[in-house]
Protein chains: 2
Amino acid sequence: MVEKQYGCPVEFTLDKIGGKWKCVILWWLRRGTKRFGELMQLMPGISRKVLTTQLRELEADGLIGRQVFQETPPRVEYSLTAFGETLRPITELMCDWGKANAPQFQFGLMCLRGLHILAIATPLTSQRLEAELGELRGAKVTTVSLAIALNTLNQICPNIVLIDYSIDEDFDLLHESLKTLTADSQKPIPAVALIANDQERDRAISQGFPIHLMEPVETSELVGAIANLTSAEDMEGYAE
Amino acid sequence: MVEKQYGCPVEFTLDKIGGKWKCVILWWLRRGTKRFGELMQLMPGISRKVLTTQLRELEADGLIGRQVFQETPPRVEYSLTAFGETLRPITELMCDWGKANAPQFQFGLMCLRGLHILAIATPLTSQRLEAELGELRGAKVTTVSLAIALNTLNQICPNIVLIDYSIDEDFDLLHESLKTLTADSQKPIPAVALIANDQERDRAISQGFPIHLMEPVETSELVGAIANLTSAEDMEGYAE
DNA sequence: GTTGATCGTTACCAAATGGTTACTGGTAGG
DNA sequence: CCTACCAGTAACCATTTGGTAACGATCAAC
């Protein structure tokens, strides 16, 4: 087998991270481990199959690691390898360039207008969320305690719930409430756990909140996650 | 027309510079203006049509400029716009990563072994060429004066000729010699002009050497150019 | 008046990529 | 016994991308 030849170093790099999704995958993985279903939800538009093949290729190239947990239901987690980390400067730059040059209405500001976000968070966190999501992007952010959330969930009826796991409470009941509320309205209300370490992450997963972001959360990451999760069901916004 | 939505900033960037060729084009353009035919020869494997469409898309996105000269034969030159320049850090990083991680045998070292390079250059330049192309990569580098080159070209019979345009001589005759030599052996001997400014560039183009690299030339650029130009006719090296 | 150089375009075709739908498998819960 | 769960696979189809071959426009040189 003769090895592939490249006319310039860039071609080699493109061989590894080219294509529609690979850089995006690396971007979502860059701040910590994610599981398969999480990636699926964070990247609306990608199909199961394509995500699978892209992850496998990245794994074969040694850029990401794949860890299978012998549980039921199955759980598979993906994370950057040390080698994959060497690509971070590139994805970061691509992210920065995108942020700097995408018409603001497309990415960021517009996405969240009209959205109702329920935050269960410490005062500090909720203040930050209000600033980043509310003032800057026009979303309606409601912050409440867990107890109140449980009581008033069906009145608030948010588009998405953010849970700050630095609050050391049991969110199992919240998960139940969200599920029952889901039963009525058909559309499940998505939830995102904000975690600071692996322990909080385990807690979030075991309590039924597999989708998480690692603190300190970058705004683009948070906005992207919210936009993707809330638009997952009605993709009519897409067009040329 | 609803505008496209992006789940994360990276997707926007990918929209502009994704695909098999765009980054490579930007990479070749990053050190100065290039004309269409030059790009064609520097990127073996790309077809006329694809190069055209990619260049047009880059132009439409404001990343490169296109300048048509009302001459015959026609001449079209492409260069990065100020906006396109903002992408340079990304292509540079991709180049660096490729250089650092591509198996050395594929890119660089192996390409030039067995190649005979004729250099018409100042002592300083020829010393650098000998070091970068000869010692490091195993090519055979012969440096001669223009006068000697004209006399002994058919004896030397190099795979490629490098012309240092900081030598202020008339290379028109050399161009003629190369053409006549071409007539015999079917394969044209490619030539690359090493230029330091636009004036030298104009001189090179008018004397029949449209392919050029701007000094100070990066090694990867030089090696890539030589490898691409000398392998353009026999692409058997390609494989999975 | 034919050829050649340069930078294209058009029509057509092939390959790569991406997407959809249905199915698997083991277990917990009802 | 039936369903839901998650992370897949398999078979199939659609779209996008890339490639080939032929042609055009223009003028100069032979």
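Just so we're on the same page: letters track the sequence lines, and every chain starts at 1. In this text the structure is predicted, and so the values were computed from the model without any measurement.
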Novice: Within a strict 4.5 Å, meaning less than it, do heavy atoms of the B/Leu26 and B/Ile64 side chains meet?
Specialist: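 B/Leu26 reaches B/Ile64 side chain to side chain.
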Novice: Would you please confirm or rule out a distance under 4.0 Å between OP1 or OP2 of C/dG8 and any side-chain N or O of B/Tyr78?
Specialist: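 The answer is yes; a side-chain N or O of B/Tyr78 sits under 4.0 Å from OP1 or OP2.
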Novice: Provide, to the nearest angstrom, the distance between the CE atom belonging to B/Met40 and the P atom belonging to D/dG18.
Specialist: 14 Å
Novice: Is A/Gln54 near enough to C/dG18 that one of its side-chain N or O atoms lies under 4.0 angstrom from OP1 or OP2?
Specialist: yes
Novice: Return no unless some side-chain N or O of A/Arg35 is found under 4.0 Å from OP1 or OP2 of D/dA7.
Specialist: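 Affirmative; the distance criterion is met.
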Novice: Checking salt bridge (charged side-chain N to carboxylate O under 4.0 Å, His left out) against B/Glu77, which of B/Lys34, B/Arg66, B/Arg201, B/Arg35 comes through?
Specialist: B/Arg201
Novice: Rounded to the nearest angstrom, tell me the gap between atom CG in B/Leu39 and atom P in C/dC7.
Specialist: 10 Å
Novice: Could you state the atom-to-atom distance from NZ of B/Lys22 to C1' of D/dT17 in whole Å?
Specialist: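 Going from NZ in B/Lys22 over to C1' in D/dT17 covers 11 Å.
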Novice: Does A/Phe69 reach a base, just sugar-phosphate, or nothing at all? Heavy atoms under 4.0 Å.
Specialist: nothing
Novice: Between C1' on C/dC7 and CD1 on B/Ile211, what's the gap in Å once rounded to a whole number?
Specialist: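 About 15 Å, once rounded to whole Å.
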Novice: Can you tell me if the side-chain N/O atoms of B/Arg56 get under 4.0 Å from OP1 or OP2 in C/dG8?
Specialist: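 Yes, B/Arg56 has a side-chain N/O under 4.0 Å of OP1/OP2 on C/dG8.
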Novice: Over all heavy atoms of both residues, which pair between A/Cys8 and B/Trp27 is shortest? Give the atoms and the distance, please.
Specialist: CB-CZ3, 3.3 Å
Novice: Is A/Glu71 atom CD crowded by more than 12 heavy atoms from other residues, nucleotides or ligands, each under 6.0 Å away?
Specialist: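 Counting other residues, nucleotides and ligands, CD of A/Glu71 exceeds 12 neighbours.
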Novice: Nearest-nucleotide wise, let me know which of A/Gly19 and A/Pro74 is further upstream toward the 5' end of DNA chain C.
Specialist: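 Taking each residue's closest nucleotide, the earlier one in sequence belongs to A/Gly19.
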Novice: Report which part of the nucleic acid B/Arg48 touches: base, sugar-phosphate, or nothing (heavy-atom distance under 4.0 Å, all strands).
Specialist: base
Novice: Of all the choices, C/dG18, D/dA7, D/dG18, which nucleotide is nearest to the side chain of A/Val50 once you look at every atom?
Specialist: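 So the nucleotide nearest the side chain must be C/dG18.
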Novice: If you check every side-chain atom of B/Phe36, which of D/dG18, C/dG18, C/dC7 has the closest atom?
Specialist: C/dC7
Novice: With a 4.0 Å limit, can you tell me whether B/Arg75 has a side-chain N or O closer than that to the phosphate oxygens OP1/OP2 of C/dA5?
Specialist: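 No, because none of the side-chain N or O atoms of B/Arg75 sits under 4.0 Å from OP1 or OP2 of C/dA5.
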Novice: From C/dT9, D/dG8, D/dC5, pick the nucleotide closest to the side chain of A/Arg66?
Specialist: D/dG8
Novice: Would you call B/Arg88 and B/Glu85 a salt bridge, taking side-chain N to carboxylate O under 4.0 Å as the test?
Specialist: yes
Novice: What's the CD1-C1' distance between A/Ile205 and D/dA7, to the nearest Å?
Specialist: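 Rounded to the whole Å, the gap is 14 Å.
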Novice: Which word best sums up how the rings of B/Trp97 and A/Phe83 line up, parallel for under 30°, tilted for 30 to 60°, or perpendicular for over 60°?
Specialist: parallel
Novice: Rounding to an integer number of Å, can you tell me how far A/Met43 CE sits from C/dG19 P?
Specialist: 10 Å
Novice: Among D/dT9, C/dG19, D/dT20, which nucleotide has an atom closest to any side-chain atom of A/Lys20?
Specialist: C/dG19
Novice: Counting heavy atoms from C-beta on, name the nucleotide in C/dT6, D/dG8, C/dT20 closest to the side chain of A/Lys49.
Specialist: C/dT20
Novice: I need the CD-C1' distance between A/Glu176 and C/dG29, as an integer number of Å.
Specialist: 12 Å
Novice: Of the candidate nucleotides C/dG18, D/dG8, C/dT27, which contains the atom at the shortest distance from the side chain of A/Thr72?
Specialist: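 Of the options given, the side chain of A/Thr72 lies nearest C/dT27.
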Novice: Taking for each residue the nucleotide of DNA chain D bearing the nearest heavy atom, is the 5' side occupied by A/Pro73 or by A/Thr52?
Specialist: A/Pro73
Novice: Whole angstroms only, please: what is the CD-P distance between B/Glu71 and C/dG8?
Specialist: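 Going from CD in B/Glu71 over to P in C/dG8 covers 13 Å.
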Novice: Out of C/dG19, D/dG8, C/dG8, which has the shortest distance to the side chain of A/Ser47?
Specialist: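 Among C/dG19, D/dG8, C/dG8, the one nearest the side chain of A/Ser47 is C/dG19.
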